[in-house]
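I have placed the structure first, in the form of structure tokens, so that the comments after it can refer back to it.
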Amino acid sequence: MPEMPEIETLARQLRAAVVGKRITGVYLSGMALRRPIASTFAARLRGRTIRKIRRCGKYLLVELEPGALWVIHLGMSGRILAGSPPKSRDRHTHAIVQFSDSTCLEYRDPRRFGLLAAYETLKPGQIPEIRELGKDPLSPGFSGRWLRPLLQNSGREIKSFLLDQHKVAGLGNIYVCESLFHARIHPARRCSTLTLEETDRLVRAIRYVLRLAIRNRGTSFSDFMDSDGRPGEYQNCLKVFQRERQKCVRCKAPIRRMRQGNRSSFYCAHCQK
DNA sequence: GCATTACCCTGAAAGC
DNA sequence: TGCTTTCAGGGTAATG
């Protein structure tokens, strides 16, 4: 399940692999992803050159020249592979973008929760999915000072708040669980009850967890692989996620699991208050 | 604004 | 062994 560290890993690899390449062809499976791929998609990519690759939350933004943006979201199970054109087409391959040097990018997504779109603009602010994103946790503005008033004005549970991409862009279930553990905050705590010190701790925990995860090229369970087809390694660093009934690394109490808004939360009831 | 629920989808795991 | 059911989850939309 690709979250921000996995997307950041991909973005870094793709910058090295495809920036400067000219798109000569686009194959589409014709199957809908989260929503159908627009009929204009292939034409907007074809003939353009990749100028830059950016990440916004869990989205990849591929800047094209002349000015256009190719927007990619991997959903739950999306993968992007860079290299030679595949000899046989995987049944979950939904797009292949070919370059003038005979290499290509292949988009696979078994569950089809992802998104591929192209816009005739270079301004992310004109793209609905991007415009509505909250603050990126690794951006300079992500601080206790910024977060504090938002939390004070919210009666929601902190887990739900942190998963809300309109508030904080890039966190998913894994890194919210891990960040709350590091910050020693219970996932069901109401936002407005967090103290100033806890808010600062949470900000530090989120940034620590994300940076460590990026250094480990993300987390791989069954789905995520980087663009070379290699799994990430942050799953070896997980303290609570998918560790139900195992001992807490801090206090040895068993890790618990609870349901919050149809998602699993993993936490230590002894350490996290 | 927020909680809840349903939906999209497939593969893995569990249950029989 | 093989079939069926359940579960997982990111984002969105409808509803209350």
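Throughout, protein chains are lettered first and strands after them, A, B, ... in sequence-line order, and every chain is numbered starting at 1.
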Whole angstroms only, please: what is the [atom1]-[atom2] distance between [X] and [N]?
{"X": "A/L33", "N": "C/dG11", "atom1": "CG", "atom2": "P", "answer": "15 Å"}
{"X": "A/R257", "N": "C/dG9", "atom1": "CZ", "atom2": "P", "answer": "6 Å"}
{"X": "A/E132", "N": "B/dG1", "atom1": "CD", "atom2": "P", "answer": "12 Å"}
{"X": "A/E244", "N": "B/dA14", "atom1": "CD", "atom2": "P", "answer": "12 Å"}
{"X": "A/F161", "N": "B/dC2", "atom1": "CZ", "atom2": "P", "answer": "8 Å"}
{"X": "A/L133", "N": "C/dG10", "atom1": "CG", "atom2": "C1'", "answer": "13 Å"}

Give the nucleotide from the list [options] with an atom nearest to the side chain of [X].
{"X": "A/R259", "options": "C/dT12, B/dC8, C/dA8", "value": "C/dA8"}
{"X": "A/K167", "options": "B/dC2, C/dG11, C/dG9", "value": "B/dC2"}
{"X": "A/E129", "options": "C/dT12, B/dG11, C/dG9", "value": "C/dT12"}
{"X": "A/R91", "options": "C/dG10, B/dC2, B/dG11", "value": "B/dG11"}
{"X": "A/S160", "options": "B/dC9, B/dA3, C/dG10", "value": "B/dA3"}
{"X": "A/R34", "options": "B/dC8, C/dT12, B/dT10", "value": "C/dT12"}

Check: A/R263 side chain, C/dG10 base, donor-acceptor under 3.5 Å: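 In this structure, the two groups form a donor-acceptor pair.
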
Donor-acceptor contact present, side-chain A/N173 to main-chain A/S264, <3.5 Å: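 Judged by distance alone, yes, a pair lies under 3.5 Å.
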
Sugar-phosphate, base or nothing in reach of A/Q260, heavy atoms under 4.0 Å: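 No contact.
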
Neighbour count above 12 (heavy atom, 6.0 Å) for A/R256 CZ: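 Not more than 12 within 6.0 Å, no.
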
Heavy-atom pair with the smallest gap, counting every atom of A/R243 and A/V249: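 Minimum heavy-atom separation between A/R243 and A/V249: NH1-CG1, 4.2 Å.
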
Ring geometry between A/F266 and A/F241 (parallel below 30°, tilted from 30 to 60°, perpendicular above 60°): perpendicular

First encountered from the 5' end of DNA chain B, between A/M31 and A/N153: A/N153

